[in-house]
Undergrad: 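Structure provided below as structure tokens; questions to follow.
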Amino acid sequence: MKKENIKRIMIIVQVLINSMFLYELVIFNILPTRYLIYVVAFLVLFTAFKIGIFKKGKMNRYVIVLTFITSSIVAIAGVYVYHSRMLLENMTETTIQIQGFSVVVLNDSSIEDIEGLEELSIGVNTNGDVDNLSIVIEELQEIGTTMVVYEDFTSLTNDLYDGTVDAIVFNETDRTTIEFDYPDFDDETKVIWNYEIEEEIEDISKSVEVTSEPFTIYISGIDTYGSVDTVSRSDVNMVLTINPETNQILMTSIPRDSYVELASYDSYDKLTHAGTYGISESVATIEEFLDIEINYYVKVNFTSVVDLVDALGGVTVYSEYEFTTNYLDYDIEIGLNDLDGLSALAFARERYALPNGDFDRGINQTVLLEAMIEKMISPSILLNYTDILDAVDGSFSTNMTSSEIISLLKMQIDDNDEWEFLTLQVEGTTGSATTYSYGSLELSVVFPDQEVVDTISTYIEAMMNGELIEIEE
């Protein structure tokens with residue numbers, strides 16, 4: 001092939017790669033205009049420079065290698081931009097929730113998969129989500145199992161333990177009910193089959209101009225691994241009030257056991273149980289509890305924390321207490337602690353080893369969240385960019401739009417402002433009460449201090465009115 005043809009091909013390839021990269025960059029719209037101009041100018045000038053070299057007939061192996069390297073870098077950058085755009089679109093504007101059903105056997109059972117239950121018996125409590133249960137039962141009957149019907153979870157679980165039935169099937173939202181009678185149920189059983197049913201959910205977002213108007217985000221941390229869209233208890237309940245004009249973020253933590261009125265059921269329950277009725281129930285319940293409006297929500301799960309902290313290269317948190325976590329036995333010291341994904345999860349989940357139980361856990365959760373946010377908005381994020389993309393894929397779910405998130409990221413890139421983090425926590429007294437989810441059974445709950453709740457509502461209202469707030473000690 002003639003040198004002139006090789007030159008033309010190299011220029012055409014370079015121009016095509018540059019064009020595709022710029023197309024993705026413009027569609028993604030994450031770069032402020034001035035930075036986009038810099039990128040365009042660099043690519044145009046660099047391509048023009050190579051064309052000038054080729055016209056002068058100076059095509060040697062160094063020029064070829066340089067062309068190959070620059071084309072490869074731009075192509076890889078284009079792939080990353082595309083991957084980022086697709087990832088953001090997949091995790092935003094959530095329209096589904098997942099009802100997860102499990103078939104469970106005892107740990108010492110020889111049954112390892114669903115096929116092993118052919119001609120054997122499965123217990124099921126039909127008091128509950130009848131429509132979805134009927135779908136699951138139909139699936140199970142196709143393999144030749146015998147369904148044994150129960151009207152309560154106590155009898156259902158008792159018969160599994162004494163061998164009356166070979167397995168039981170239940171919605172994962174009911175696992176907490178089972179654990180009330182059998183606290184070690186998770187350790188004494190194994191899941192041999194999962195079945196997921198997707199349900200459409202309504203859009204409950206209340207959109208604002210997020211780069212100029214204050215807004216609130218409800219963060220729900222569900223107690224599951226796997227899909228973040230699974231309906232489950234909400235063990236982490238935090239409200240972020242963000243003012244992009246004053247650069248303040250107020251993190252309000254609400255104990256999972258707070259005794260609150262469920263918005264849709266006119267009955268009191270633990271806040272954590274609101275999550276079993278869907279994310280919209282948690283949002284509406286907290287809105288009424290704090291007398292605020294929640295604009296958006298973000299759902300995360302155990303997988304989210306572990307993967308993201310590891311992708312960030314770990315985080316550093318401050319602990320007021322020295323303790324050993326019950327989950328995985330991590331030793332936490334007074335002062336600064338460097339945590340990886342699993343130790344960060346253990347730190348955020350621990351309450352039994354802390355002097356003030358769930359209240360101290362709420363503080364630790366806000367400390368961890370602040371550490372993660374600071375790491376994510378720092379320039380060092382670029383060093384682990386691909387790992388972070390993989391970590392958030394499937395681990396986060398939100399009803400914010402991708403354009404709203406992009407506009408926030410774009411603002412941070414353009415301004416590079418520091419944010420002031422403020423923390424508040426709902427306080428209360430521990431006691432016992434009946435709950436909507438557990439009927440006449442009395443559970444340990446936290447009765448919120450109404451004076452504290454009113455004070456928190458006042459701070460949030462002030463931020464939403466655009467005021468620069470200062471938390472009084």
Side-chain angles (χ1 to χ4, degrees), residues 28-32 35 80-81 83-92 210-211 215-221 228 236 238-244 246-253 295-318 336-345 347-348 364-423:
F28 196 21
N29 193 31
I30 196 170
L31 282 184
Y35 291 115
Y80 284 161
V81 173
H83 186 187
S84 302
R85 182 165 63 86
M86 291 296 100
L87 176 63
L88 196 57
E89 290 181 2
N90 290 336
M91 67 179 279
T92 56
V210 293
T211 58
F215 59 96
T216 56
I217 301 176
Y218 165 55
I219 296 181
S220 171
V228 73
V236 176
M238 198 176 298
V239 176
L240 266 61
T241 310
I242 302 170
N243 188 334
T246 62
N247 288 101
Q248 285 188 316
I249 298 178
L250 173 61
M251 299 184 291
T252 303
S253 175
N295 300 97
Y296 310 101
Y297 67 76
V298 173
K299 286 182 72 176
V300 299
N301 60 10
F302 290 163
T303 307
S304 311
V305 174
V306 175
D307 291 347
L308 184 54
V309 170
D310 282 339
L312 289 169
V315 294
T316 301
V317 301
Y318 182 87
L336 298 177
N337 294 262
D338 295 324
L339 306 179
D340 62 7
L342 283 174
S343 56
L345 176 60
F347 176 77
N364 286 347
Q365 289 170 352
T366 57
V367 167
L368 175 61
L369 179 61
E370 181 179 345
M372 293 172 67
I373 292 175
E374 288 183 335
K375 202 81 178 278
M376 284 188 285
I377 63 177
S378 69
S380 63
I381 192 175
L382 296 175
L383 299 176
N384 301 317
Y385 187 66
T386 55
D387 291 336
I388 292 169
L389 288 183
D390 292 337
V392 300
D393 191 5
S395 296
F396 287 78
S397 178
T398 180
N399 62 344
M400 292 186 78
T401 65
S402 57
S403 60
E404 286 170 332
I405 294 177
I406 288 171
S407 63
L408 282 172
L409 295 173
K410 195 173 182 178
M411 179 187 70
Q412 183 62 31
I413 293 171
D414 200 19
D415 300 337
N416 196 28
D417 288 334
E418 292 187 3
W419 291 78
E420 180 185 8
F421 292 88
L422 306 167
T423 60

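Since the structure is predicted, the reported quantities are computational estimates derived from the model, not experimental observations.
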Undergrad: Would a 4.5 Å heavy-atom cut-off, applied to side chains only, mark Y296 and T216 as touching?
TA: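 A side-chain contact under 4.5 Å is absent here.
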Undergrad: Let me confirm one number: the CD1-OG1 distance from I405 to T92, rounded to the nearest 0.5 Å.
TA: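 One finds 5.5 Å between CD1 of I405 and OG1 of T92.
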Undergrad: To the nearest 0.5 Å, what is the distance between CG (L88) and CD1 (I30)?
TA: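 These two atoms lie 7.5 Å from each other.
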Undergrad: Take F347 and N337, measure what side-chain contact (heavy atoms from CB on, under 4.5 Å) needs, and give me the verdict at the end.
TA: CA-CA 10 Å; F347 176 77; N337 294 262; 5.8 Å; no
Undergrad: Taking K375 for the side chain and G314 for the main chain, is one N or O donor matched with an acceptor at less than 3.5 Å?
TA: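 Side chain of K375 to backbone of G314, a donor-acceptor pair under 3.5 Å: yes, one is there.
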Undergrad: Identify the heavy atoms of W419 and I242 that sit nearest to each other, and give their distance.
TA: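 Where W419 meets I242 most closely, the heavy atoms are CZ3-CG2, 3.8 Å.
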Undergrad: On a heavy-atom basis, which atom in M400 and which in I217 lie closest, and how many Å separate them?
TA: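 Heavy-atom minimum between the residues: SD-CD1, 4.1 Å.
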Undergrad: Is the backbone N or O of Y80 less than 3.5 Å from a side-chain atom of S84, with the two atoms forming a donor-acceptor pair by type?
TA: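 Answer holds: yes.
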Undergrad: Given side-chain contact (heavy atoms from CB on, under 4.5 Å), test V228 with F396 step by step and report yes or no.
TA: CA-CA 6 Å; V228 73; F396 287 78; 5.8 Å; no
Undergrad: Tell me whether N90 contacts the main-chain N or O of M86 through its side chain, where contact means a donor paired with an acceptor under 3.5 Å.
TA: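 Pair found, side chain donor or acceptor close to backbone of M86.
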Undergrad: Between E374 and A371 (side chain of the first, backbone of the second, donor and acceptor by atom type, cut-off under 3.5 Å), is there such a pair?
TA: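 Not confirmed, E374 side chain does not pair with A371 backbone.
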Undergrad: Are the side chain of Q412 and the backbone of D417 linked by a donor-acceptor contact shorter than 3.5 Å?
TA: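 A pair under 3.5 Å: yes.
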Undergrad: What are the two closest non-hydrogen atoms of T211 and S407, and how far apart are they?
TA: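 So the two residues come closest at CG2-O, 3.4 Å.
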Undergrad: Starting at CG of L408, measure out to CD1 of I413 and round the result to the nearest 0.5 Å.
TA: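 Interatomic distance, L408 CG to I413 CD1, rounded to 0.5 Å: 11.0 Å.
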Undergrad: For the residue pair N399 and N295, what are the closest heavy atoms and their distance?
TA: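 Taking every non-hydrogen atom into account, ND2-O, 4.3 Å.
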Undergrad: Could you give the distance from NZ (K299) to CG (N301), rounded to the nearest 0.5 Å?
TA: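 Here the rounded value is 9.0 Å.
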Undergrad: Distance from L368 atom CG to T316 atom OG1, nearest 0.5 Å?
TA: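 The OG1 atom of T316 is 11.0 Å from CG of L368, to the nearest 0.5 Å.
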Undergrad: Between L308 and M372, is there a side-chain heavy-atom distance shorter than 4.5 Å?
TA: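 Side-chain contact under 4.5 Å: yes.
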Undergrad: Which pair of non-hydrogen atoms, one from L339 and one from A344, has the smallest distance, and what is that distance?
TA: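 That closest heavy-atom pairing would be CD1-CA, 3.8 Å.
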Undergrad: Please lay out, stage by stage, how L250 and T252 fare under the test side-chain contact (heavy atoms from CB on, under 4.5 Å).
TA: CA-CA 6 Å; L250 173 61; T252 303; 4.0 Å; yes
Undergrad: Check side-chain hydrogen bond (donor to acceptor under 3.5 Å, both in side chains) between E420 and all other residues, then give those that pass, not counting sequence neighbours.
TA: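 side-chain hydrogen bond (donor to acceptor under 3.5 Å, both in side chains) list for E420, sorted by chain: Q248.
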Undergrad: Could you check if a side-chain atom of I249 sits within less than 4.5 angstrom of a side-chain atom of L240, using non-hydrogen atoms only?
TA: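 Yes; the side chains approach each other to less than 4.5 Å.
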Undergrad: Measure across F28 and I406 and return the closest heavy-atom pair with its distance rounded to 0.1 Å.
TA: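 Looking at all heavy atoms of both residues, the shortest contact is O-CD1, 3.3 Å.
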Undergrad: Applying side-chain contact (heavy atoms from CB on, under 4.5 Å), can you list everything that pairs with T366, at least two apart in sequence or on another chain?
TA: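 Here the qualifying residues are M238, M251, S253, T423.
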Undergrad: Drop me the distance from L312's CG to D340's CG, to the nearest 0.5 angstrom.
TA: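 If we round to the nearest 0.5 Å, L312:CG and D340:CG are 12.0 Å apart.
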Undergrad: Suppose we screen for side-chain hydrogen bond (donor to acceptor under 3.5 Å, both in side chains). Which residues come up paired with Y218, at least two apart in sequence or across chains?
TA: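 For Y218, the residues satisfying side-chain hydrogen bond (donor to acceptor under 3.5 Å, both in side chains) (neighbours in sequence not counted) are S234, N237.
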